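Read through the structure below, which is laid out as structure tokens, and then see the notes.
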Number of protein chains: 2
Amino acid sequence: MENSEKKFADSENCPVRNVLDRFGDKWSTLVLLVLDDTKVLRFNEIHKMIDTISQKMLAVTLKSLEADGLVLRTQYPEIPPRVEYTLSERGASLIPHIKSLVQWANANFEVITQSRAAYKK
Amino acid sequence: MENSEKKFADSENCPVRNVLDRFGDKWSTLVLLVLDDTKVLRFNEIHKMIDTISQKMLAVTLKSLEADGLVLRTQYPEIPPRVEYTLSERGASLIPHIKSLVQWANANFEVITQSRAAYKK
DNA sequence: TTATTAACTTACTTTTGGTAAGTCAAAGAT
DNA sequence: ATCTTTGACTTACCAAAAGTAAGTTAATAA
């Protein structure tokens with residue numbers, strides 16, 4: 001009984017689905033890249049670097065990255081509040097894989113843009 | 001004037017943003033993986049393999065992958081229609097990078113699931 | 001004449017994301 | 001003493017994206 005067609009079926013139990021769903025959101029990978037780039041950042045600093053993200057979405061993105069153990073959140077008991085975000089080791093271990101995607105993106109940006117333009121129909 | 005904070009700013013001109021936006025959708029990477037797995041597939045075959053995708057979303061996902069030149073579409077003049085989808089060379093060149101992400105996903109699936117469960121608050 | 005088939009569309013509903021304003025508590029300005 | 005500012009968020013409301021289910025097309029089989 002050949003069930004290779006079910007390999008990608010349900011996202012609960014499929015690691016591929018489960019994790020791609022995770023990074024297949026609009027902002028997670030970008031936040032990870034920014035944190036890798038600058039190491040320690042506060043909420044508003046990230047918001048400035050990715051200025052098209054809404055505060056709401058930055059908040060939920062950071063929260064789920066924290067829940068997944070990819071990002072560490074340190075809150076200082078000051079007022080106004082100060083919160084710092086960093087990559088965890090686990091988060092850092094993801095970065096090379098994302099960067100390999102990014103390299104491909106840079107290398108293929110032009111041709112893809114051209115294809116898109118030519119496609120129009 | 002330090003403008004490293006603008007590195008990820010606007011998605012029109014930033015390859016990273018542009019391409020991550022592209023694969024940061026819910027289905028594209030999964031469709032590419034399935035096509036890499038089975039090489040040639042018809043619309044309904046893909047739909048069976050990824051049974052949680054809607055026909056509508058499969059249609060728009062395939063269309064934009066085709067527009068980007070990552071997937072090739074071959075239509076045979078038959079009725080009922082027969083259409084076959086394959087990875088293009090460009091699409092195939094993306095696969096290793098996605099697979100490296102998938103390997104990380106498999107390796108970290110357990111701990112991430114545990115972190116998520118522990119996070120609850 | 002009606003049913004079937006594959007690859008989609010279309011109309012409609014639900015979910016997700018964006019916008020803008022609000023909250024909180026203390027320190028500084030008036 | 002009251003008002004303003006500050007940073008990291010929430011909340012309420014609205015727009016955009018994705019899901020659902022039914023419809024379209026044209027030929028062949030029943």
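If you're wondering where the values come from, they're calculated on a predicted model, not measured in any experiment.
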Atom [atom1] of [X] to atom [atom2] of [N]: distance rounded to whole Å?
X	N	atom1	atom2	answer
A:R73	D:dC9	CZ	C1'	9 Å
B:L62	C:dT9	CG	C1'	15 Å
A:K48	D:dA8	NZ	C1'	12 Å
B:E45	C:dT5	CD	P	15 Å
A:E78	D:dC9	CD	C1'	16 Å
A:I53	D:dA8	CD1	P	15 Å
B:Q75	C:dC8	CD	C1'	10 Å
A:L58	C:dT19	CG	P	14 Å

Query raised in the report: Any side-chain N or O of B:K56 under 4.0 Å from OP1/OP2 of C:dA7?
Result: no

Query raised in the report: Would you say a side-chain N or O of B:Y85 is under 4.0 Å from OP1 or OP2 of C:dC8?
Result: yes

Report task. Not counting sequence neighbours, which residues clear side chain to side chain donor-acceptor pair (under 3.5 Å) with B:K99? List them please. Result -> B:D36

Query - Partner residues of B:T86 under the side chain to side chain donor-acceptor pair (under 3.5 Å) criterion, sequence neighbours left out - result: none

Report summary line: The residue, B:M57 or A:Q55, whose nearest nucleotide of DNA chain D is more 5′ is A:Q55

Query raised in the report: Once you round to the nearest 0.5 Å, how far does CD1 of B:I98 lie from OG1 of B:T29?
Result: 6.0 Å

Report summary line: dist B:Y119:OH -> B:I112:CD1 (nearest 0.5 Å) comes out at 14.5 Å

Report task. Please report how far the helix from C:dT1-D:dA30 to C:dT30-D:dA1 bends, comparing the axis fitted to its first five pairs with the axis fitted to its last five, to the nearest 10 degrees. Result -> 40°

Report summary line: Testing D:dT10, D:dG19, C:dT9 for proximity to the side chain of A:K63, the answer is D:dT10

Query raised in the report: Taking the side chain of A:W27 as heavy atoms from C-beta outward, which of C:dG17, D:dC9, D:dT20 is closest to it?
Result: C:dG17

Show each protein N/O and nucleotides 4-7 of chain D N/O combination with a separation under 3.5 Å, one pair to a line.
{"unit_1": "D:dG7", "atom_1": "O3'", "unit_2": "A:R42", "atom_2": "NH2", "d": "3.1"}
{"unit_1": "D:dG7", "atom_1": "O3'", "unit_2": "A:P81", "atom_2": "O", "d": "3.0"}

Could you pull out all donor-acceptor pairs under 3.5 Å where a side-chain atom in residues 72-81 of chain B meets a protein atom, sequence neighbours excluded?
{"unit_1": "B:R73", "atom_1": "NH2", "unit_2": "B:Q75", "atom_2": "OE1", "d": "2.3"}
{"unit_1": "B:Y76", "atom_1": "OH", "unit_2": "B:E84", "atom_2": "OE1", "d": "3.1"}
{"unit_1": "B:E78", "atom_1": "OE1", "unit_2": "B:R82", "atom_2": "NE", "d": "3.3"}
{"unit_1": "B:E78", "atom_1": "OE2", "unit_2": "B:R82", "atom_2": "NE", "d": "3.4"}
{"unit_1": "B:E78", "atom_1": "OE2", "unit_2": "B:R82", "atom_2": "NH2", "d": "2.8"}

Query raised in the report: Which part of the nucleic acid, if any, lies within reach of A:Y76 when heavy atoms closer than 4.0 Å are counted: base, sugar-phosphate only, or nothing?
Result: nothing

**Report entry** Pairs where residues 85-97 of chain B contributes a residue and the test salt bridge (charged side-chain N to carboxylate O under 4.0 Å, His left out) is met, not counting sequence neighbours
**Finding:** none

Enumerate donor-acceptor pairs with a distance under 3.5 Å from any side-chain N or O in residues 57-65 of chain B to protein atoms, sequence neighbours excluded.
{"unit_1": "B:T61", "atom_1": "OG1", "unit_2": "B:M57", "atom_2": "O", "d": "2.7"}
{"unit_1": "B:S64", "atom_1": "OG", "unit_2": "B:R22", "atom_2": "NH2", "d": "2.7"}
{"unit_1": "B:S64", "atom_1": "OG", "unit_2": "B:V60", "atom_2": "O", "d": "3.4"}
{"unit_1": "B:S64", "atom_1": "OG", "unit_2": "B:T61", "atom_2": "O", "d": "3.2"}

Report task. Check side-chain contact (heavy atoms from CB on, under 4.5 Å) between B:T113 and all other residues, then give those that pass, not counting sequence neighbours. Result -> B:F109

Report task. With sequence neighbours left out, write down each residue that passes side-chain contact (heavy atoms from CB on, under 4.5 Å) with B:Q55, or none if nothing qualifies. Result -> B:F43, B:N44, B:H47

